[in-house]
Structures are given as structure tokens and as C-alpha cells.
There are 2 protein chains.
Amino acid sequence: MQMGEGVEWALHSCLNLGWNEGEAATAARLAAFYDLPAAYLNKQLQALARAGILTSAPGPRGGFRLGRPLEKITLLDVVVAIEGAEDAFRCRQILKDGPGGSTEVDYRETCVLNGAMRRAELAWRRELAAQTLAEIRDTVERTFPGTPEHTRERLSTLRR
Amino acid sequence: MQMGEGVEWALHSCLNLGWNEGEAATAARLAAFYDLPAAYLNKQLQALARAGILTSAPGPRGGFRLGRPLEKITLLDVVVAIEGAEDAFRCRQILKDGPGGSTEVDYRETCVLNGAMRRAELAWRRELAAQTLAEIRDTVERTFPGTPEHTRERLSTLRR
DNA sequence: GCTCCCATACTCGGATAATAACTGTCCGAGTATGGAAGG
DNA sequence: CCTTCCATACTCGGACAGTTATTATCCGAGTATGGGAGC
């Protein structure tokens, strides 16, 4: 059970876009920032755009920019955009084939194990939803004050 | 990010073993209980045995039985035994290749994003660790009182 | 000098391969069984 | 009848394929640009 690494790329890219002062950045530049495969990062950014987290524009001067301020983007938003909304634990309702199992009952409702697993995942999602990227950004700026300038500098110089 | 379905099989199998009153059950019977592929379930049960959750015995009268009472088996124990102990979100330390990145710094410690993601996973693990299989069993027995008898009945009649 | 137009270079977007993880299967090493042989 | 031994059937355990999901790459549709022609 491993999360795709696109999540990490997407999160860092969103922060970098936040430090870019509303300027658009191409997938190529955002990828060069961390030496990542550009075409693949582009795929992840497309997912963020479909979710409304980013907006995209083609052609010269195009690229990606934030679809809304970092205050309104949570970690959960990004994770769901990249990984999908379905739970990690998926109840296959094997109780259907157990003793007294009925094909008409929805065991996702009645299975006690599924309920406990879902409760744990909800706790995870609650934590993710409680953290906005703005809070992350503020913490980073408090710890490493030079980050905004360095980021903007690098984004404007990479790949011309 | 999906959890292997072996987790669901393992959890239900542990409960069934709990209702089997200390008797050993073979992988074939535990698999026939839910019409699962026997050889593959065997693989999962082996993982549980390596983790000490089950004990295994070869030969006639052999099979698997609980390594300790359900009171001492948590959902987290089973999940870790099947899926491994590593976090779902793995920080690849892409900050190493960012501006001012050093190859000597361990960014799993300093990366704010990684910290937030880890905190969320810890909440998930805490929930899983707080639920013992004994509690699950008790809830099932309260809701479906015939379960212990039905389970034991089926385990002893399946496959001979 | 100013406006309009078009060739150009650039970007996203989705379709297409390569790789790794998960799922499923098979056969061998080892063991308790249970019956037969011997005392 | 009781004990001993051995052939047997059964079990786990790990090694071996098939299938799905993840990672990586490529090329086309569409757009703002910027220079040149025309007024």
C-alpha cells in the first residue's frame, strides 16, 4: 500500500506556484526545479487542473497557476486529486460467500471490520483536510525565510 | 493507493480462528470458507505467522491457529504484517535537488510537508492500533449471536 | 508611423510503451497418522 | 494382545507465471507571439 510519488511532486509544485506571485509556470520549469521527468509531472498537474486546484493555459506565456489561494487548498484536496477518492481499504464483501451470506445485503454497511477500517481512514482524511497549504507555506517561511525569494529566482531562471 | 485485498482475508480469517476454539484450521478450509484461492490465502497466512500473529504446523492435523488471544491482536498488527511497516507516503527528499539543497541533510526530518503527511498517517495508525480483534469479535457476536456456532460448524464440515 | 496578418514557436492534453507491484499457481520438504508386521 | 516400524497422505513453505496498476515517454491540437507587409 504505497502512495504514488506524484503526490509529493504535486504538493511541492503547488507551494512553488504559491511563491511565484500569480505568475504561470510551465510543467517543464516546475519539473526542472527538482530534476523530475517533465512529461510525467505534467500528467499530475493535469489532474490538479481537472480538480480545479490549478488552472492551465496553453501556448507561449502559458503554463499552470493556482486556481485558488493556498488558504483554500488542503492536503486532502491534493491527495484526492492525484490518488482518487476511493478508500485504501476496499471491502470486497466476502461475507456474501460466508455462512448465511445473502447476495442482496450490502455488507459494506453491516461488516464490523469494514466499519472499523473506515473509521481509521476517516481519521487520516480528517488530519489531511485540517492542514491547508497556506499553513505549510507559513511554517516553511518561518523556518527558512529565504525560501520565497530563492524559489521565485529559480523558477524565473530555469530553462530560460 | 490501494490496500491489498489480502488484508481483508487475513482479518476475517483471524476472527474465524478465534471462533474455532483453539483448533487448527488449514489454509484450504479457511479459503473455502469464503471461496477464496487457497494457495494465495496461504501466502497471507504465512505472513501472519512470520509476524507471530498465527502459529503454523505442517502435516496431518496441522494448519494455522492463533498465536495469541484476540485481545492482543490489533488491526494495525494485521495490516503491518500483510502490507509492511513502511508509510504510504514516502518522502523521496526531492528538496535535495531544489535551491540550496544539500546531499548531507536528511530532508525526511526537515521537510514540513513530510511532517504533515506523517502526522496524518500516525492518526490512522493510532485508530488501527486502538481496535483489537477481540472488540470486533464481541461486536459481531452482539449483532449476530449465531456467528460463533455457524463459523465453527462450517470450518469443521468444509473439505471433508 | 500605424494596423493587420500570418508564420512560428511554445504549451497543454491525451494516447502510447516500459516497468514494477500485486495476484494467482505450482511443487517440494517435513510431519503425524494409521495399519501391518513381529514379539 | 501389545509394541515397533514404515509407507502414506497431508500440511506448510517458498519458488515460479499471469495480470493489473504505476511510471515514463511521445506526438498532435490549439494559442499567444512577433516580425513583416500593406495602408
Side-chain angles (χ1 to χ4, degrees), chain A residues 1-10 13 17 23-32 34-65 67 79 81-84 86 88-90 92 94 155 158-160, chain B residues 1-10 13 17 23-32 34-65 67 79 81-84 86 88-90 92 94 155 158-160:
Chain A
M1 189 198 51
Q2 284 181 153
M3 185 171 290
E5 56 185 338
V7 173
E8 187 182 6
W9 304 356
S13 294
L17 282 173
E23 291 292 312
T26 69
R29 286 194 194 181
L30 290 170
Y34 296 119
D35 195 26
L36 302 174
Y40 189 35
L41 175 64
N42 185 25
K43 203 188 187 77
Q44 319 291 350
L45 298 177
Q46 282 177 39
L48 294 180
R50 273 193 295 272
I53 296 172
L54 302 183
T55 60
S56 64
R61 302 278 178 183
F64 295 91
R65 65 191 75 198
V79 169
I82 302 291
E83 293 288 322
E86 45 197 339
F89 181 83
R90 48 206 163 143
R92 297 292 184 111
I94 63 178
L155 275 180
L158 276 172
R159 292 265 172 147
R160 173 171 3 193
Chain B
M1 189 197 50
Q2 282 181 154
M3 186 172 288
E5 55 186 339
V7 172
E8 187 182 7
W9 304 355
S13 294
L17 283 173
E23 291 293 313
T26 69
R29 286 194 192 182
L30 289 170
Y34 296 119
D35 195 26
L36 301 174
Y40 189 34
L41 175 63
N42 185 25
K43 204 187 186 77
Q44 319 292 349
L45 297 177
Q46 282 177 38
L48 294 180
R50 273 193 295 271
I53 297 172
L54 302 182
T55 61
S56 64
R61 303 277 179 183
F64 295 91
R65 64 191 76 198
V79 169
I82 302 292
E83 294 288 321
E86 45 197 337
F89 181 83
R90 48 205 162 143
R92 297 294 184 112
I94 63 178
L155 275 180
L158 277 172
R159 293 263 170 152
R160 175 164 44 120

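In the text below, chain A, chain B and the rest are named by the order of the sequence lines, each starting its count at 1. If you're wondering where the values come from, they're calculated on a predicted model, not measured in any experiment. Scope of the values below: all heavy atoms of this structure, side chains included, with no hydrogens, waters or symmetry mates.
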>> Within the 4.0 Å limit for protein heavy atoms, which parts of nucleotides 22-28 of chain C are touched? Write it as a string from 5' to 3', B for base, S for sugar-phosphate only, - for none.
In response: SBBBB--
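The distance between atom CG of B/Leu48 and atom P of D/dC12, rounded to the nearest whole Å, is 13 Å. Nucleotide D/dT23 holds its P atom 13 Å from the CG atom of A/Leu36, rounded to whole Å. Atom-to-atom, CZ of A/Phe64 to C1' of C/dC10 comes out at 14 Å; the value is rounded to the nearest Å. Rounded to an integer number of Å, the gap from CD of A/Glu23 to P of C/dT11 is 14 Å. Straight-line distance from the CD atom of A/Glu8 to the P atom of D/dT22: 17 Å, rounded to whole Å. Taking atom CD of B/Gln46 as the reference point, atom P of D/dC12 lies 9 Å away to the nearest angstrom.
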Return a table of donor-acceptor pairs under 3.5 angstrom between the side chains of residues 37-48 of chain B and protein atoms on other chains or two or more places apart.
{"unit_1": "B/Tyr40", "atom_1": "OH", "unit_2": "B/Gln44", "atom_2": "NE2", "d": "3.4"}

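To the nearest 0.5 Å, atom CG of residue A/Leu155 and atom CG of residue A/Leu17 are 7.5 Å apart. One distance of note links CZ of A/Arg92 with CD of B/Glu5; it measures 4.5 Å at 0.5 Å rounding. The line from CD1 of A/Ile53 to CD1 of A/Ile82 is 7.5 Å long, rounded to the nearest 0.5 Å. One finds the CE atom of A/Met3 at 9.5 Å from the CZ atom of B/Arg90 (value rounded to the nearest 0.5 Å).
Residues A/Asp35 and B/Ile94 are not in side-chain contact: their nearest non-hydrogen atoms beyond the backbone lie 4.5 Å or more apart.
The minimum heavy-atom distance between B/Ala88 and B/Met1, with the atom names listed, is CB-SD, 4.2 Å. Scanning all heavy atoms of the two residues, the minimum distance from A/Ala24 to A/Gly62 falls at CB-O, 3.8 Å.
Contact annotation: A/Arg50 reaches the phosphate of C/dG14 (side-chain N/O to OP1 or OP2, under 4.0 Å).
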> Can you give the dot-bracket line for DNA chain C, using ( ) for pairs inside the strand, [ ] for pairs that cross earlier ones, | for pairs with another strand and . for unpaired bases, where Watson-Crick and G-U count if both distances are under 3.5 Å?
Replying inline: |||||||||||||||||||||||||||||||||||||||
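In this structure, A/Ser56 and B/Arg61 both approach DNA chain C, and ranking their closest nucleotides by distance from the 5' end singles out A/Ser56.
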